[in-house]
Amino acid sequence: MLKKERLRIETRLVQAGVGRDTLTGAISLPIHPSATYRHPAVGQSTGYDYTRSGNPTREALEELLADMEGGSRGLAFASGMAALTTLFLYFSSGDHLILSEDLYGGTYRVLDQIFLRFQLTTSYVDTSDLNAVNNAITPATKAVLVETPGNPLLGIADIRAIARLCKQHRLLFIVDNTFLTPLLQRPIELGADIVIHSATKYLGGHNDLCAGALVTADKKLGDELYFLQNSTGPILPPQDCWLLVRSLKTLALRLERQCQSAQQIAEWLDLQPQVQTVYFPGLPTHPGHQLIQEQATGFGAMLSFRVDSHQRARQILERIKIISFAESLGGVESLLTLPAIQTHGDIPASERERLGICESLLRLSVGCEDVNDLIADLRQALNG
Ligand SMILES: *Cc1c(COP(=O)(O)O)cnc(C)c1O
C-alpha cells in the first residue's frame with residue numbers, strides 16, 4: 001500500500017478532499033454551509049459546534065495548508081491581511097517587530113496606521129543583509145518577518161541564517177511565502193516558526209478568490225493563533241474554502257508554466273534597450289541568484305523591471321492588450337502593476353524613493369498564457 005505521507009506533495013494536492021465524504025464517496029470536497037450543529041445530547045458534540053470555531057470544509061483546507069508547508073497547524077482566513085492582522089494581535093503593547101523593507105504595502109499600512117496606535121513598534125530593514133537584521137534587534141524585539149523574494153524588488157533573505165539568529169535571541173521568525181508557495185520554498189523546514197500567505201495569489205491562482213493562511217511549525221503556537229482567530233472571527237467562508245482546495249489541485253501545473261515563462265520573459269526584457277534593469281532572481285546578475293537556489297527549488301514567476309522614463313512606463317500600461325494593468329499577482333492571467341502608485345502607494349514617498357520604487361518601475365506577474373504571446377504584447381507596448 002502506498003502510504004499517504006510518502007506521496008509527493010503534488011499528488012497530495014491533486015487528491016485533496018478525495019474520500020473525505022464517506023457517506024457518498026464524493027470525489028469533490030463537500031461544502032458545509034451550516035452555521036451551527038445539532039448536539040447529540042447535553043455535554044456532547046459531534047466535534048463541530050459553531051462555524052466560526054470549526055467547519056468541516058475549512059478543516060479540510062486547513063489540514064491541507066499545514067501539510068503543504070510541513071507545519072503542525074494551518075488556519076484559513078478571509079484574506080492575507082486578515083491572517084497578518086490576527087498574527088499581529090499575538091503581540092502586546094511595547095513589543096517591537098523587525099520586517100523586510102522590501103515589503104507588501106498593506107503589511108506596512110496595518111502596522112504603521114493601526115497597530116502603532118497600540119504601541120506595537122517596528123523597524124524596516126534590508127533583510128537580505130543579516131547584519132542589518134542583527135543590528136535592529138532591541139530588548140523589546142519579539143519577532144522578525146521577512147518576505148523573500150521581496151516585493152517589488154525581489155531581494156532574497158537568507159532564511160536559514162535568520163532562523164539561527166532568531167533562535168539565539170528567542171524571537172519568532174515569520175516568513176511571508178506568498179511569492180514562491182510551498183512547492184518552491186518551505187520556510188518551516190528551513191527554521192521558520194510561522195508561514196503566512198495571501199492565498200489570493202498563487203494558492204488561489206485564478207484572480208477569483210480572496211483568502212489568507214497561517215501555518216505554524218509548533219502545535220502550541222498554532223493553538224494560540226487559533227484562539228485569536230476564533231475570538232476575532234476573520235475566518236474563510238466554507239464556499240471559498242472549497243474553491244481554494246479546488247484551486248490548489250492545479251498549483252503544481254500552473255507554477256511550472258508560470259516559472260518557465262517568467263524566466264524567458266526576464267531574459268528577453270534584459271535585452272531590450274528601453275529596459276534599464278530587470279529584477280528577477282533567476283537572472284545570474286541578480287544579487288540573490290545563488291542564495292535562492294540554496295533555499296528554494298525555483299525562482300518564481302514575479303519580476304520587476306525599470307524602464308527609461310516614467311512616460312515609458314505609462315505608455316506600456318496604456319498599450320498592453322493581453323496583459324492587464326491591475327494589482328494583485330499569482331493568477332493564471334498575467335498582470336502588470338505600477339507599485340509606486342498601487343501596491344506600495346501607502347509607503348511614504350521619501351521611503352519609496354530611497355528603496356527605488358519610482359514611477360518607472362513596473363512589476364509583472366506572469367500568468368499561464370503562451371509565452372510568445374506575452375512577449376509579443378510586451379514588445380508592442382515597449383516600442384510604442
Ligand atoms: C497580497 C499580499 C498580501 C495581502 O493579502 P490579501 O489577500 O490581499 O489581503 C500579503 N503579503 C503579500 C506578499 C501579498 O502579495
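Remember, it's 1-based here, ligands and their atoms both numbered in the order they're listed.
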How far is [atom] from its nearest protein heavy atom, and which residue and atom is that?
atom                    : value
atom 4 (C) of ligand 1  : Y104 CE2, 3.4 Å
atom 2 (C) of ligand 1  : K201 NZ, 2.5 Å
atom 9 (O) of ligand 1  : M81 N, 2.8 Å
atom 11 (N) of ligand 1 : D176 OD2, 2.8 Å

Check your understanding: Under 6.0 Å between ring centres, would you say that holds for F299 and H289?
Key -> yes
Exercise for review: Kindly say whether the aromatic ring centers of Y50 and Y37 come within a distance under 6.0 Å.
Suggested key: no
Do [X] and [Y] have side-chain atoms, one donor and one acceptor, less than 3.5 Å apart?
X    : Y    : value
Y279 : R306 : yes
T141 : H96  : yes
Q380 : N383 : no

Point to revise | Test of proximity, T107 against ligand 1: N or O pairs below 3.5 Å | key: no
Numbering as shown, the atoms of ligand 1 that approach [X] to under 4.0 Å (heavy-atom distance):
X    : answer
A211 : 7 (O)
T178 : 12 (C), 13 (C), 15 (O)
E147 : 13 (C)
G80  : 5 (O), 6 (P), 7 (O), 9 (O)

Review point. Quick one: does R257's side chain have a donor or acceptor within less than 3.5 Å of a partner on C368's backbone?
Key: yes
**Study point:** Ring-face cation contact, Y226 with K219, 6.0 Å cut, 45° max
**Key:**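 No, a cation-pi geometry is absent between K219 and Y226.
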